[in-house]
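The structure appears below as structure tokens.
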Protein chains: 2
Amino acid sequence: MALRHALLAALLDRELSGYQLTKLFDLDVSSFWHAASQQLYVDLAKLEADGLLTGHEVVQQGRPNKRVFRLTHAGLDELTRFTLAPTKPTSIRDDLLVKAYAARAADPGKLAAQLEQRAEQSRTKAQYLAEQLARLLEGRSEEEYLRTAENIGPYLAGTRGRMYEEEQAAWCSWAAAALRGR
Amino acid sequence: MALRHALLAALLDRELSGYQLTKLFDLDVSSFWHAASQQLYVDLAKLEADGLLTGHEVVQQGRPNKRVFRLTHAGLDELTRFTLAPTKPTSIRDDLLVKAYAARAADPGKLAAQLEQRAEQSRTKAQYLAEQLARLLEGRSEEEYLRTAENIGPYLAGTRGRMYEEEQAAWCSWAAAALRGR
DNA sequence: AGCCACATGTAAAGAGTTACATGATTCC
DNA sequence: GGAATCATGTAACTCTTTACATGTGGCT
């Protein structure tokens, strides 16, 4: 049920359309919460029906019109309530790790190749996220940013995403090497 | 659809009952694929109906009888097929990160407290996983183990789980400190 | 008798994925 | 005209979660 809250959080200090959220979820948010664009539209509609968001048509020139969404007071309350509610620890759920777990049933070379490919993807994503984080700092030191910025949420969550991708890349390379050495 | 394959992989070189799998998934496997015990029984029944597993009643003394499951040839084939199939990158999906993302809507102290609590849980879990990994080595060096052991899958996947929990703990502590310093 | 570990499920509701669908506008 | 980007959805299916359900046997 956190997709709803991820959407609310993404709209905390700005108005965005479904399409803009799609791109945001593809790149930045996906590092800690993945969702397909279709699902975003479904949940945006529900959130609006529940009065947590309001949508406004924006007429554009040179491209199709869009509907941007804004948090309502009820939406902000709901988000605050969510941050206070207890959460159970969740963990990784990754096909690739299940494949590694099943290593004995796999062709070592082919599994290693998949791991190396994923390592590369994760490295790319980690780099992108690092750039985004650097952009948020706007020249300030991290320490200063965390003390003074208005909304440090995206920086905190984005940092976890960057760490995750870096670790994933490192583990994939290590596991691939282990398989290659057999 | 990887729960099926995680079950098959867990049965790669041993017979286990639903209850034993429950405990395995609670502790070891949960670090890379979480599943509730009810779901295990449902999927075990399906896997048996699909001919990928066979179940055998085991009469026990001093405790209720159990049914242990064993991979069939078809089950092993299916697992091998799975390891060859392409996989899309998946990522974290964690309520706690969404909460961090929504930091601006949260009470900093209360969110920090939740992060610190999670840091503690992750540290405990990382420690448990480290012990399990050390047990697998049976005194050998990691390098030797990876070269010579029969089935290195659990060690590879378990290592990722341990890394994840360690990183999670480190990030949680860092993020909590950032929130406390405001 | 009461509690705990062992042992195995069913049913309903909720969330997410996959496939399908449509249309506007710009640029080449 | 065709491709790419912008823009928004629906429907069917699969998977997961939550709540409910039941029973054995040892220990105190």
Side-chain angles (χ1 to χ4, degrees), chain A residues 1-7 15-27 29-30 32-50 53 55-69 82 85-95 98, chain B residues 1-7 15-27 29-30 32-50 53 55-69 82 85-95 98:
Chain A
M1 199 181 279
L3 173 54
R4 291 167 64 86
H5 298 107
L7 280 168
E15 293 188 344
L16 295 172
S17 68
Y19 188 73
Q20 289 174 300
L21 285 162
T22 292
K23 284 186 297 180
L24 185 68
F25 271 70
D26 265 359
L27 293 170
V29 175
S30 73
F32 59 90
W33 197 274
H34 171 264
S37 65
Q38 300 98 312
Q39 194 58 31
L40 298 188
Y41 286 105
V42 170
D43 280 30
L44 284 169
K46 277 189 200 155
L47 286 165
E48 191 178 13
D50 292 349
L53 294 179
H56 309 276
E57 185 88 15
V58 172
V59 178
Q60 298 189 112
Q61 320 207 357
R63 52 176 77 173
N65 294 342
K66 63 180 176 183
R67 261 167 67 76
V68 296
F69 295 91
F82 169 70
T87 306
K88 284 187 292 191
T90 51
S91 43
I92 311 182
R93 204 173 244 189
D94 190 337
D95 275 4
V98 176
Chain B
M1 198 182 279
L3 174 52
R4 291 167 64 86
H5 299 107
L7 281 169
E15 291 187 348
L16 294 172
S17 67
Y19 188 71
Q20 288 175 301
L21 285 162
T22 293
K23 283 186 298 180
L24 185 69
F25 272 69
D26 264 359
L27 293 170
V29 175
S30 72
F32 58 89
W33 196 276
H34 171 264
S37 65
Q38 300 99 312
Q39 194 58 29
L40 298 188
Y41 286 106
V42 170
D43 280 29
L44 284 170
K46 278 188 199 154
L47 287 165
E48 191 178 13
D50 293 347
L53 294 179
H56 309 276
E57 186 87 17
V58 172
V59 179
Q60 299 189 111
Q61 317 207 357
R63 54 176 78 174
N65 294 342
K66 64 181 176 184
R67 259 167 67 75
V68 295
F69 294 91
F82 169 71
T87 307
K88 284 186 291 190
T90 50
S91 43
I92 312 184
R93 203 173 244 188
D94 191 335
D95 275 3
V98 176

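In what follows, every heavy atom counts, from backbone to side chain, and hydrogens, waters and symmetry copies are set aside. A note on names: the letters A, B, ... follow the listed sequences, proteins ahead of strands, and every chain is numbered from 1.
Using a distance-only test at 3.5 Å, with no hydrogens or angles considered, no donor-acceptor pair links the side chain of A:Tyr19 to the main chain of A:Arg67. A:Gln39 contributes no side-chain N or O that, together with a main-chain N or O of A:Ala36, makes up a donor-acceptor pair within less than 3.5 Å. Checking side-chain atoms of A:Ser37 against main-chain N and O of A:Thr22 turns up no donor-acceptor pair under 3.5 Å.
Considering only side-chain N and O atoms, B:Gln61 lies nowhere under 4.0 angstrom from the phosphate OP1 or OP2 of D:dG25. Applying the 4.0 Å criterion to OP1 and OP2 of C:dG16, one finds that A:Arg93 has every side-chain N and O outside that range. Taking 4.0 angstrom as the limit, A:Tyr19 places a side-chain polar atom (N or O) nearer than this to OP1 or OP2 of D:dC6. Note on B:His34: every side-chain N or O is 4.0 Å or more away from OP1 and OP2 of D:dT16. Residue B:Lys66 places no side-chain N or O under 4.0 Å from the OP1 or OP2 atom of C:dG9. Contact check, A:Lys46 against C:dA15: no side-chain N or O comes under 4.0 Å of OP1 or OP2.
Between the axis at the start and the axis at the end of the helix from C:dA1-D:dT28 to C:dC28-D:dG1 there is an angle of 20°, using five pairs per end and rounding to 10 degrees.
For B:Arg93, the salt bridge (charged side-chain N to carboxylate O under 4.0 Å, His left out) criterion is met by no residue, not counting sequence neighbours.
Between A:Ala2 and B:Gln38, it is B:Gln38 whose nearest contact on DNA chain C lies nearer the 5' terminus. Nucleotides of DNA chain C nearest to B:Lys23 and B:Lys88 differ in position, and the one nearer the 5' end is that of B:Lys23.
Remark: P of D:dT16 and CG of B:Asp95 are 16 Å apart, rounded to the nearest angstrom. One can place CG of B:Leu21 at 14 Å from P of C:dC6, the figure rounded to the nearest angstrom. B:Asn65 has its CG atom 16 Å from the C1' atom of C:dG9, to the nearest Å. Taking atom CH2 of residue B:Trp33 and atom P of nucleotide D:dT17, one finds them 10 Å apart after rounding to whole Å. The CZ atom of B:Phe25 sits 12 Å away from the P atom of D:dT17 (whole-angstrom rounding). Separating the CG atom of A:Leu44 from the C1' atom of D:dG9 is a distance of 11 Å, rounded to the nearest angstrom. One can place CG of B:Leu40 at 14 Å from P of C:dT10, the figure rounded to the nearest angstrom. Rounded to whole Å, atom C1' of D:dC27 lies 14 Å from atom CZ of B:Arg63.
Ranking C:dT8, D:dT8, C:dA24 by closeness to the B:Ser17 side chain, first place goes to C:dT8. Closest contact between the side chain of A:Gln39 and the listed nucleotides C:dC6, C:dT10, C:dT17 involves C:dT17. Here C:dC6 is the nucleotide among D:dT18, D:dG9, C:dC6 with the atom lying nearest to any side-chain atom of B:Pro64.
Residues B:Leu3 and B:Phe25 come closest through the heavy atom pair CD1-CE2, 3.7 Å. Annotation for A:Leu40 and A:Gly18: closest pair CD1-O, 4.5 Å, computed over non-hydrogen atoms. For the residue pair A:Glu15 and A:Gln20, the shortest heavy atom distance occurs at O-OE1, 4.3 Å.
Considering only heavy atoms from C-beta on, B:Leu7 comes within 4.5 Å of B:Leu21 through its side chain.
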